[in-house]
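Order of the sequence lines sets the chain letters (A, B, ...), proteins ahead of strands, with each chain counted from 1.
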Number of protein chains: 2
Amino acid sequence: MTHFGDHLRQRREALRKTDRRYSLRQVAQRVGIEPAYLSKIERGDLQPPSEATTLRLAGELGEDPDVLLAMAGKVSSDLQAIIRKRPKLFADLLRQLKQAPDHAILTVVREVRDGDW
Amino acid sequence: MTHFGDHLRQRREALRKTDRRYSLRQVAQRVGIEPAYLSKIERGDLQPPSEATTLRLAGELGEDPDVLLAMAGKVSSDLQAIIRKRPKLFADLLRQLKQAPDHAILTVVREVRDGDW
DNA sequence: TGTCATGTATCGTATATACTACACATTTGA
DNA sequence: TCAAATGTGTAGTATATACGATACATGACA
């Protein structure tokens, strides 16, 4: 499993190949953090940043926010809020689905989307 | 919405009516925290405790752990781990189900439980 | 060849989290 | 009635979180 920082750096360097605006310093500036801070994060010297900063990084680097948050060891606060409103229901559901294969979960997602209630 | 601390106190006092072992001090001791700390939590003077302590409180007071954690503004770390392993899938699922009525989610839970994969 | 940008090392800070320790006034039960 | 138990006020602590500011060596490039 590739590290959060490694992943950031790989992604940034990839974008950098076709766009010089993706230097560490410029990305840091657009994201609103110090270059030194981003440097240490990319190198795994520091913990991944806060949810808010991680989301801005995802936006800047064109990454899926939930996936990047997951790599940062976090779960989006809006998802947490959904669970907290009906904790028993969603706790049961998630533990049931823990073992289920991806396609089964996808099926459920589609069922719900197309479901009529 | 009743406060986390209020809820704890109500629950503890209810148990106390039939069992003197549910004094604040004795519960605190069994849970492994200082009475003064539990007092302030019940009165809403301090934030809800850590996940670990909240779970011990749930056990001691016979409450559903996920529900009590939700009242503490948290989501169980094992549920978070489930989500983090397949963030896109579960993020989509939860956002789909955000609006769904309880019975629809229950149906999904049962479908998955009885499903054959 | 000099200057501009780049990545990084070092140091420091503000705030939040998660409690403990102790003392004290009040209440309860034998 | 008095000793034990109860709830609470005050003060303090250790650790984690989430960064900022500054300075510096290296590399690119014009």
Close residues, residues 6-24 of chain A, relative to DNA chain C [heavy-atom separation under 4.0 Å]: A:R9, A:R12, A:S23, A:L24
Pi-cation contact, A:F4 with A:R9 (under 6.0 Å, within 45°): no
Heavy-atom side-chain contact between A:P49 and A:K74 under 4.5 Å: no
Under 3.5 Å, which N/O atoms of the protein pair with N/O atoms of nucleotides 18-23 of chain C?
{"residue": "C:dA18", "atom": "OP2", "partner": "B:K74", "partner atom": "NZ", "Å": "3.3"}
{"residue": "C:dC19", "atom": "OP2", "partner": "B:S50", "partner atom": "N", "Å": "2.9"}
{"residue": "C:dC19", "atom": "OP2", "partner": "B:S50", "partner atom": "OG", "Å": "2.5"}
{"residue": "C:dC19", "atom": "OP2", "partner": "B:T53", "partner atom": "OG1", "Å": "3.1"}
{"residue": "C:dC19", "atom": "O5'", "partner": "B:Y37", "partner atom": "OH", "Å": "3.1"}
{"residue": "C:dT20", "atom": "OP2", "partner": "B:E34", "partner atom": "N", "Å": "3.1"}
{"residue": "C:dA21", "atom": "OP2", "partner": "B:E34", "partner atom": "OE2", "Å": "3.4"}

Positional range of nucleotides in DNA chain D within the contact set of chain B, heavy-atom, under 4.0 Å: D:dT6 to D:dA11
Qualifying residue for side-chain hydrogen bond (donor to acceptor under 3.5 Å, both in side chains) with B:R12, from B:E42, B:Q26, B:H7, B:E60: B:E42
4.5 Å side-chain heavy-atom contact, B:L38 and B:V27: yes
Flag if over 12 foreign heavy atoms under 6.0 Å of CD, A:Q96: yes
Residues A:D78, B:K98; criterion salt bridge (Lys or Arg N to Asp or Glu O under 4.0 Å); working and verdict: CA-CA 10 Å; A:D78 79 299; B:K98 181 183 179 181; over 6 Å; no
Phosphate contact (C:dT8 OP1 or OP2) by A:S39 side-chain N/O below 4.0 Å: yes
Sugar-phosphate only, base, or nothing, as touched by A:Q26 at under 4.0 Å among non-hydrogen atoms: sugar-phosphate
side-chain contact (heavy atoms from CB on, under 4.5 Å) between A:V75 and B:V75, intermediate numbers included: CA-CA 9 Å; A:V75 170; B:V75 170; over 6 Å; no
Member of B:D64, B:D66, B:D102 meeting the salt bridge (charged side-chain N to carboxylate O under 4.0 Å, His left out) criterion with A:K88: B:D64
Electrostatic pair A:R43-A:D6, nearest N-O below 4.0 angstrom: no
B:L61 side chain reached by B:Y22 side chain, heavy atoms, under 4.5 Å: yes
